[in-house]
Amino acid sequence: MTGSRQYHIGLERGELAEYILLVGDPGRVAKISALWDAVELERSNREITTATGSFRGMRLSAMSTGMGPDNVEIVLAEVMEITDQPTFVRVGSSGALQPEIGLGDLIVSIGAVRLENTTDFYVHPGYPAIAHRDVVWALQTACRERGYVHHVGLTATASGFYAPQGRQMRTLPVRYPQLAEELRRQGVANLEMESSALFVLAALAGLRAGTVCAAYAQRIEGTFLEGAAKEAAEARCIDAGLTGIHLLWQMDQEQDGDPRRWSALIGGRGGEQ
């Protein structure tokens, strides 16, 4: 801490809401907050940009983590120090690994393969990285309500972008060049760099967390989104995340924040959709 503020995120208690959208790219925070009814706080420190405001009666925040699970660890550790019971929804980008996932489709994660070692400093290597079922339900419901093509499945979280994801390079050796194909055979839906850290740390703290990602690349086909199509996919992903976290807030309000009543709600309303 520096005074009353957390060292990296530059925030103190009261400046963050209990409902938080996490993004990698700092520029995405402004795209999210532009959709809100009001913005009460904007702050940037290092690669971490934060906005807090209100959207349809809900107080919420959007924060950038930068790229990678190590950055997520820093942000979550500091956020947990100045909030009480936050809910996290990651809005991100990823590479699709299954042929039926098209460029621009959305993927809601049910859990993540831990291909990073940041979380090994918290838990046993066999500890699972699982998205909270409430958040999975809310994000899937949001995608359905908005009419977005989406998939629900396992995500793999790598510690880096090039060799850690099996991308071959001209100048550097890659230890696992067949990684993407191996993950495809194992039924993994997509590959990114943040979700497993989010899921593990949130679970350890007894918090809700989940992820929705847009497919910016089709790793099996070797194709990529560009230009207006990429911007449209990002907009859909932001909308799904914002709709999903608002749905969680609404349900919390209706149930007075009692998590014990969630299973019955999800098993009924959610299971029928």
Side-chain angles (χ1 to χ4, degrees), residues 22-25 28 65-73 90-120 123 125-131 136 139-140 143 148-201 209-227 229-234 236-237 240-241:
L22 297 175
V23 299
D25 182 1
R28 198 171 292 155
T65 62
M67 294 183 289
D70 50 343
N71 284 355
V72 170
E73 186 259 357
R90 166 167 148 70
V91 175
S93 59
S94 65
L97 296 171
Q98 298 301 322
E100 67 271 18
I101 301 177
L103 288 174
D105 289 1
L106 303 185
I107 303 105
V108 176
S109 303
I110 58 173
V113 182
R114 292 168 55 206
L115 300 181
E116 42 80 21
N117 72 343
T118 299
T119 50
D120 289 347
V123 294
Y127 189 94
I130 302 173
V136 174
L139 290 173
Q140 187 176 15
C143 288
Y148 297 145
V149 177
H150 67 283
H151 311 263
V152 180
L154 280 173
T155 293
T157 298
S159 58
F161 187 79
Y162 291 100
Q165 295 189 32
R167 285 185 168 93
Q168 297 194 51
M169 293 170 283
R170 181 179 63 84
T171 55
L172 295 172
V174 178
R175 189 175 180 186
Y176 302 110
Q178 301 303 315
L179 178 63
E181 174 58 24
E182 181 179 346
L183 291 170
R184 183 199 65 78
R185 292 198 303 268
Q186 295 171 4
V188 177
N190 61 331
L191 184 55
E192 47 90 88
M193 296 168 57
E194 287 83 26
S195 289
S196 66
L198 171 62
F199 297 163
V200 169
L201 298 185
T211 291
V212 58
C213 282
Y216 278 13
Q218 228 301 342
R219 291 294 305 275
I220 304 305
E221 299 174 2
T223 53
F224 300 87
L225 271 184
E226 294 179 337
K230 183 178 179 181
E231 293 177 4
E234 181 185 42
R236 289 193 296 272
C237 196

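We use all heavy atoms of the structure for the numbers below, so side chains are in, but hydrogens, waters and symmetry mates are not.
Residues I101 and N190 form no side-chain contact, since every pair of their non-hydrogen atoms from C-beta on lies 4.5 Å or further apart. Contact annotation: the side chain of F199 never approaches that of I130 to less than 4.5 Å [non-hydrogen atoms, C-beta and beyond].
When the side chain to side chain donor-acceptor pair (under 3.5 Å) test is applied to E234, the partners found at least two apart in sequence or on another chain are R28, K31. Applying the salt bridge (charged side-chain N to carboxylate O under 4.0 Å, His left out) test to E181 and every residue at least two apart in sequence or in another chain returns R184, R185. The side chain to side chain contact (heavy atoms under 4.5 Å, CB included) test applied to A217 returns F224, not counting sequence neighbours. When the side chain to side chain contact (heavy atoms under 4.5 Å, CB included) test is applied to A158, the partners found at least two apart in sequence or on another chain are P164, Q165, L191. Listed by chain and residue number, R114, E116 satisfy the side chain to side chain donor-acceptor pair (under 3.5 Å) test with T119 (two or more places apart in sequence, or in another chain). Looking at residues two or more places apart in sequence or on another chain, you find a side chain to side chain contact (heavy atoms under 4.5 Å, CB included) between Q218 and A96, L103, I220, E221, T223. Listed by chain and residue number, nothing satisfies the side chain to side chain donor-acceptor pair (under 3.5 Å) test with E231 (two or more places apart in sequence, or in another chain). Every residue was checked against the salt bridge (charged side-chain N to carboxylate O under 4.0 Å, His left out) condition with R175, not counting sequence neighbours, and none meets it. In this view, H151 and D105 satisfy the side chain to side chain donor-acceptor pair (under 3.5 Å) rule, not counting sequence neighbours.
Shown here is Y127, whose OH atom has more than 12 heavy atoms of other residues, nucleotides or ligands within 6.0 Å.
Here the options are E192, K230, E226, the test is side-chain contact (heavy atoms from CB on, under 4.5 Å), and the partner is Y216; only K230 passes.
Side-chain contact check for S109 and S195: no donor-acceptor pair (N or O, by modelled atom type) lies under 3.5 Å.
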Verdict with reasoning, R90 to C213, per side-chain contact (heavy atoms from CB on, under 4.5 Å): CA-CA 8 Å; R90 166 167 148 70; C213 282; 3.7 Å; yes
